[in-house]
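Accompanying notes for the structure given below.
Computed from a predicted structure; not experimentally measured. Just follow the structure's listing: the first ligand is 1, and inside any ligand the first atom is 1. Counting begins at 1 with the first residue of the sequence.
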Amino acid sequence: MTDWIAWHRQYDDQDSGLARRLRAVQAEIGAWLDETAPAPVTVVSACAGDGRDLLQVLAERDDSHRVRATLLEYDRRNVERAARSAAAAALGGIEVRCADAGLADSYSGAVPADLVMMCGVFGNVDDDAVRRLVGTLPQLCRPGATVLWTRHRRPPDLTGQVRRWFDGAGFEEVSYVAPADHVYSVGRHRFVGEPQQLTGRARWFEFNR
Ligand SMILES: C[S@@+](CC[C@H](N)C(=O)[O-])C[C@H]1O[C@@H](n2cnc3c(N)ncnc32)[C@H](O)[C@@H]1O
């Protein structure tokens, strides 16, 4: 199985596709924060890793106090790193849960959220799990919430289908970043459908590597 600490080292190379993807994700988080200011907002991040996407953005802003975020991650080493980063940046509203983000129950108390982050998830689960997961996102979203997601475009590229699944699940696309010279993509969708109750005890996905 993948060593997810080693995986994060790819971020050290600023020219890597992963580092570029990170900057694209962070730009979307920043844009979302600007749009929602000055209201208090909540964030949930599934499979958050060391949380650098969200935490680095918050550390640079003077309105981070209005953000309450729950990071779900099951590698304890990444949980500790995320918690340390949040503390170092004096971010008071961050909870890092060592939890299985594939289980509905893990989101209890953290949703519905204003921003739902699914970064580094869709490329690590079976296609059918991506379909199911997109269909369950209304359980995680407040009305008008934003979902930020990533997915590679290696053949067979699933992203066209992913975007159609979002359409069918009550979302409208706000932006989709897919550079010609790399396989990553970053999507941002707004929830315009009917909110749904969180169904306990359901398993939504498991990583396949
Ligand atoms: C591809 S990395 C993405 C990390 C981060 N979201 C990012 O984009 O930088 C996937 C992360 O998900 C974690 N993970 C895998 N399966 C998980 C699960 N079922 N629940 C919670 N975390 C999980 C791994 O430990 C790893 O840190």
Looking at ligand 1, would Arg21 count as a contact under a 4.0 Å heavy-atom criterion? yes
Ala99: heavy atom below 4.0 Å from ligand 1, yes or no? yes
What protein heavy atom is closest to [atom], reported as residue, atom name and distance in Å?
{"atom": "atom 9 (O) of ligand 1", "result": "Tyr11 OH, 2.6 Å"}
{"atom": "atom 20 (N) of ligand 1", "result": "Ala101 N, 2.8 Å"}
{"atom": "atom 12 (O) of ligand 1", "result": "Cys47 CB, 3.1 Å"}
{"atom": "atom 22 (N) of ligand 1", "result": "Tyr74 N, 3.2 Å"}
{"atom": "atom 10 (C) of ligand 1", "result": "Phe207 CE2, 3.7 Å"}
{"atom": "atom 13 (C) of ligand 1", "result": "Glu73 OE1, 3.2 Å"}
{"atom": "atom 19 (N) of ligand 1", "result": "Asp100 OD1, 2.8 Å"}

Closer than 3.5 angstrom, by distance alone: can the side chain of Glu73 be matched with the main-chain N or O of Glu80 as a donor-acceptor pair?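 No; zero donor-acceptor contacts below 3.5 Å.
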Any side-chain to backbone donor/acceptor pair from Ser45 onto Leu71? Under 3.5 Å, distance only. no
Using the rule that Ile, Leu, Val, Met, Phe, Trp and Tyr join whenever any side-chain heavy atoms are under 4.5 Å apart, tell me whether Val116 and Val121 fall into a single cluster. yes
For the hydrophobic clusters of this structure (ILVMFWY residues joined by side-chain heavy atoms under 4.5 Å, transitively), does one cluster hold both Tyr184 and Leu148?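 Per the 4.5 Å side-chain linkage, Tyr184 and Leu148 are co-clustered.
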Geometric N/O contact Phe205 with ligand 1, under 3.5 angstrom: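 Checking ligand 1 against Phe205, no N or O pair falls under 3.5 Å apart.
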Tell me the contacting part of Asn124 for ligand 1: side chain, backbone, both, or neither, using a 4.0 Å heavy-atom threshold, strictly below.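 Asn124 to ligand 1: side-chain contact only, backbone stays beyond 4.0 Å.
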Side chain, backbone, both or neither: which applies to Ser45 and ligand 1 if a contact is any heavy-atom pair less than 4.0 Å apart?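 Looking at Ser45 and ligand 1, no heavy atom falls under 4.0 Å.
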Per-atom contacts, ligand 1 versus [X] - under 4.0 Å to a heavy atom:
{"X": "Cys119", "answer": "3 (C), 5 (C), 6 (N), 8 (O)"}
{"X": "Asn78", "answer": "27 (O)"}
{"X": "Asp75", "answer": "25 (O)"}

I'd like to know if Arg163 and Asp167 make a salt bridge, using a cut-off of under 4.0 Å between side-chain N and carboxylate O. no
Ionic contact status for Arg9 with Asp12, cut-off 4.0 Å: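 Salt bridge between Asp12 and Arg9, a charged N being under 4.0 Å from a carboxylate O: no.
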Parallel, tilted or perpendicular: rings of Phe171 and Phe166 (30°, 60°): perpendicular
Tell me, with the steps shown, if Asn78 and Ile5 meet side-chain contact (heavy atoms from CB on, under 4.5 Å). CA-CA 7 Å; Asn78 278 330; Ile5 292 287; 3.3 Å; yes
Would you mind telling me which of Asp13, Asp15, Asp181 makes a salt bridge (Lys or Arg N to Asp or Glu O under 4.0 Å) with Arg20?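 That would be Asp181.
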What about the rings of Trp165 and Phe122, do their centers lie closer together than 6.0 Å?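 No, the ring of Trp165 stays outside the 6.0 Å limit from the ring of Phe122, centre to centre.
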